[in-house]
> 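Have a look at this one before I ask anything.
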Amino acid sequence: MKVLGADIGFGYTKATDGKQHQIFKSIVGEANESQFGESLLPGQPLFPRHLIINGQSVFVGELAETQSRGRGFTLDQTQFLTQYKKTLALAALAPFVDSGDPIRLVAGLPISYFRKHKDALTTLLQNRHPVTVVKPGSGEREEKVIYVERVRVIPQPFGSMFNLMLNDVGKPASQRFVSEKIGIIDIGFRTADYTISDKTRYSERGSQSSDSGISVAYTAIANALLEKSGINVELYRLYDGISKGSIKIKGKRYDLNAISQAAFGQLASRIAQEVNRLWADDWDIDAIVITGGGGAALAPFLTPLLEGEVLPVPADQDARLNNVMGYWKYGMNLWGA
Ligand SMILES: Nc1ncnc2c1ncn2[C@@H]1O[C@H](COP(=O)(O)OP(=O)(O)OP(=O)(O)O)[C@@H](O)[C@H]1O
Ligand SMILES: [Mg+2]
């Protein structure tokens with residue numbers, strides 16, 4: 001029995017077995033069996049991005065983004081669950097699974113869909129899933145049964161909380177997170193989730209989802225670019241340009257610094273308003289944690305606007321992984337030896 005964590009976000013799918021992890025864009029596409037295979041260039045992905053599930057040959061992640069003609073990407077919660085989550089989850093888990101061996105899985109859902117989709121997500125994943133994995137580079141095929149014996153679904157931001165609270169064997173390591181009242185702000189690609197852990201207990205009153213994901217800022221940046229360049233850049237293709245400060249479109253370079261600063265600043269003040277209103281009665285919060293990939297990007301703008309002690313975001317870690325690492329630690333806490 002192995003414990004795994006999987007965080008299937010609107011932007012990125014992440015999975016870990018505690019030793020290794022992988023992360024890829026949450027995009028699914030039709031596989032095209034190119035005559036050159038997938039190995040024209042060096043720098044193969046470490047983990048498979050081509051799978052055959054229920055007779056359907058699919059690409060996921062960057063391979064789907066660059067190679068698939070029919071591509072699926074959505075910001076709709078129900079469509080995401082019914083059309084993409086299983087494929088993304090199986091692709092995420094496949095490298096960490098020995099065929100037929102039972103695994104126990106912790107996954108998450110946004111606060112607002114937690115009650116509504118919890119059972120559906122469990123049913124979707126808790127099963128024996130036969131898949132064919134096409135290995136990167138060689139194209140060699142391997143039949144695998146991904147046997148998900150048990151699933152536990154938790155509210156997404158609790159992943160980040162457990163990551164701070166528990167150690168690598170799933171035991172409490174930081175007393176602070178066990179005994180204090182902690183507010184968590186998880187800013188993802190589409191969603192921003194706010195929650196309070198009061199001595200590890202979930203506070204319903206202090207918890208809420210909103211649509212203030214980083215994609216709000218990305219949309220503003222894409223609109224400005226459309227006006228200047230005439231090209232409608234897909235949101236999931238903007239990250240590199242935004243972090244570099246400029247983007248090249250049809251040979252011409254466009255500066256993104258000013259527009260990014262403005263868009264991030266605006267989104268941060270919208271989030272601060274939502275949070276400060278939501279937690280108005282929770283003035284006894286001990287500390288606030290900003291997490292998620294979008295959280296890392298917004299933290300410099302958001303921190304000065306929040307009412308309370310904000311714990312610094314560690315700069316050396318990829319904040320997109322905070323939830324999934326915590327899911328795995330929670331799994332170890334539940335089922336670990
Ligand atoms: N190395 C990186 N590559 C790409 N994006 C990054 C990176 N580091 C931080 N980010 C930011 O992280 C964001 C995605 O964050 P995250 O993975 O937490 O979202 P998600 O969980 O997929 O979305 P949601 O929670 O809404 O479902 C990106 O949109 C980008 O702003
Ligand atoms: Mg997320």
Side-chain angles (χ1 to χ4, degrees), residues 5-16 21-28 45 60-62 65 73-81 84-85 88-89 91-92 106-114 117 121 153-163 184-195 208-222 233-245 247 256 260-261 263-264 267-268 271 289-302 313-327:
D7 179 6
I8 308 139
F10 277 100
Y12 293 84
T13 297
K14 311 86 165 169
T16 184
H21 69 264
Q22 66 159 335
I23 181 162
F24 56 83
K25 284 188 186 173
S26 295
I27 303 173
V28 178
V60 297
E62 291 72 7
E65 177 184 4
F73 173 78
T74 181
L75 291 180
D76 178 80
Q77 190 66 243
T78 303
Q79 195 184 21
F80 191 47
L81 180 74
Y84 301 114
K85 273 210 174 167
L88 293 168
V106 178
L109 279 170
I111 302 278
S112 59
Y113 285 89
F114 184 67
H117 286 168
L121 183 62
V153 182
I154 64 175
Q156 272 169 4
F158 266 70
S160 291
M161 219 270 297
F162 287 128
N163 190 36
I184 307 152
I185 301 175
D186 173 8
I187 306 166
F189 189 68
R190 178 190 180 280
T191 5
D193 273 327
Y194 315 127
T195 195
Q208 182 190 300
S209 285
S210 97
D211 290 331
S212 305
I214 200 81
S215 63
V216 172
Y218 278 31
T219 303
I221 296 166
V233 180
E234 295 98 324
L235 299 187
Y236 58 81
R237 292 173 74 172
L238 271 172
Y239 174 77
D240 283 340
I242 292 173
S243 45
K244 268 196 300 210
I247 190 168
L256 291 178
S260 303
Q261 295 277 321
F264 282 10
L267 178 59
I271 290 173
V289 173
I290 301 173
T291 184
L298 281 187
F301 300 87
L302 186 56
V313 193
D316 56 333
Q317 280 162 39
D318 187 336
R320 294 174 298 170
L321 296 170
N322 292 348
N323 285 346
V324 78
M325 295 300 178
Y327 294 169

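Order of appearance sets the numbers: ligands from 1, and atoms from 1 within every ligand.
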> For atom 27 (O) of ligand 1, find the nearest protein heavy atom and state the residue, atom name and distance (0.1 Å precision).
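Protein heavy atom with the smallest distance to atom 27 (O) of ligand 1: F10 N, 2.7 Å.
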> Has T16 got a side-chain atom pairing as donor or acceptor with G5's backbone, closer than 3.5 angstrom?
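Judged by distance alone, no pair lies under 3.5 Å.
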> Could you tell me the residue and atom name of the protein heavy atom closest to atom 4 (C) of ligand 1, and the distance to it rounded to 0.1 Å?
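Sorting protein heavy atoms by distance from atom 4 (C) of ligand 1 puts Y12 OH, 3.0 Å first.
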> If the plane angle is over 60° it's perpendicular, under 30° parallel, otherwise tilted; pick one for Y218 and F264.
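The rings of Y218 and F264 lie parallel, inter-plane angle below 30°.
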> For atom 20 (P) of ligand 1, tell me which residue out of K25, R320, Q156, K14 has the closest non-hydrogen atom.
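Considering heavy atoms of K25, R320, Q156, K14, the nearest to atom 20 (P) of ligand 1 sits in K14.
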> For atom 18 (O) of ligand 1, what is the closest protein heavy atom, and at what distance to 0.1 Å?
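The closest one turns out to be G293 N, 2.9 Å.
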> Could you tell me whether a side-chain N or O of S26 sits under 3.5 Å from a main-chain N or O of T13, the two making a donor and an acceptor?
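Yes, the answer is positive, given that a donor and an acceptor are paired below the 3.5 Å cut-off.
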> Give the atoms of ligand 1, by number and element, whose distance to some non-hydrogen atom of T191 is under 4.0 Å.
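Near T191, the atoms of ligand 1 are 24 (P), 25 (O), 26 (O), 27 (O).
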> Taking Q22 for its side chain and A91 for its backbone only, find out whether a donor-acceptor pair lies under 3.5 Å.
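Yes: the side chain of Q22 pairs with the backbone of A91.
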> Compare all side-chain heavy atoms of V324 with those of H21 and state whether any distance is below 4.5 angstrom.
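Heavy-atom side-chain distance check fails, nothing below 4.5 Å.
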> Out of S160, G188, G294, G295, who is nearest to atom 25 (O) of ligand 1 when you count heavy atoms only?
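Closest candidate by heavy-atom distance is G188.
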> Identify, for atom 8 (N) of ligand 1, the protein heavy atom at the shortest distance, and state residue, atom and that distance.
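For atom 8 (N) of ligand 1, the nearest protein heavy atom is Y239 OH, 3.4 Å.
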> Just need the protein heavy atom nearest to atom 19 (O) of ligand 1, so name the residue and atom and give the distance.
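It is F189 N, 3.1 Å.
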> If the condition is side chain to side chain donor-acceptor pair (under 3.5 Å), which residues does S112 pass it with, not counting sequence neighbours?
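Here the qualifying residues are S209.
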> What distance do N323 atom CG and I154 atom CD1 have between them, rounded to the nearest 0.5 Å?
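So the gap between those two atoms works out to 8.0 Å.
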> So if I count the atoms of ligand 1 from 1 in the order they appear, which ones are less than 4.0 Å from some heavy atom of G9?
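Atoms satisfying the 4.0 Å criterion: 20 (P), 21 (O), 22 (O), 27 (O).
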> Looking at ligand 1, does any of its N/O atoms fall within less than 3.5 Å of an N/O of I214?
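No: no nitrogen or oxygen of I214 is under 3.5 Å from one in ligand 1.
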> For atom 30 (C) of ligand 1, what's the nearest protein heavy-atom neighbour? Residue, atom name and distance, please.
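Checked against all protein heavy atoms, atom 30 (C) of ligand 1 sits closest to Y218 OH, 3.4 Å.
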> Taking all heavy atoms of I247 and all of G241, pick out the closest pair and write down the distance.
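Smallest interatomic distance, heavy atoms only, reads CB-CA, 4.4 Å.
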> Enumerate the atoms of ligand 1 whose separation from the nearest heavy atom of G11 is less than 4.0 angstrom.
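It comes down to these atoms of ligand 1: 20 (P), 22 (O), 23 (O).
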> Pull out every atom of ligand 1 sitting under 4.0 Å from any heavy atom of G292, numbered as shown with elements.
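Close to G292: 18 (O).
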> With N163, which residues qualify under side chain to side chain donor-acceptor pair (under 3.5 Å), at least two apart?
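So N163 forms a side chain to side chain donor-acceptor pair (under 3.5 Å) with K329.
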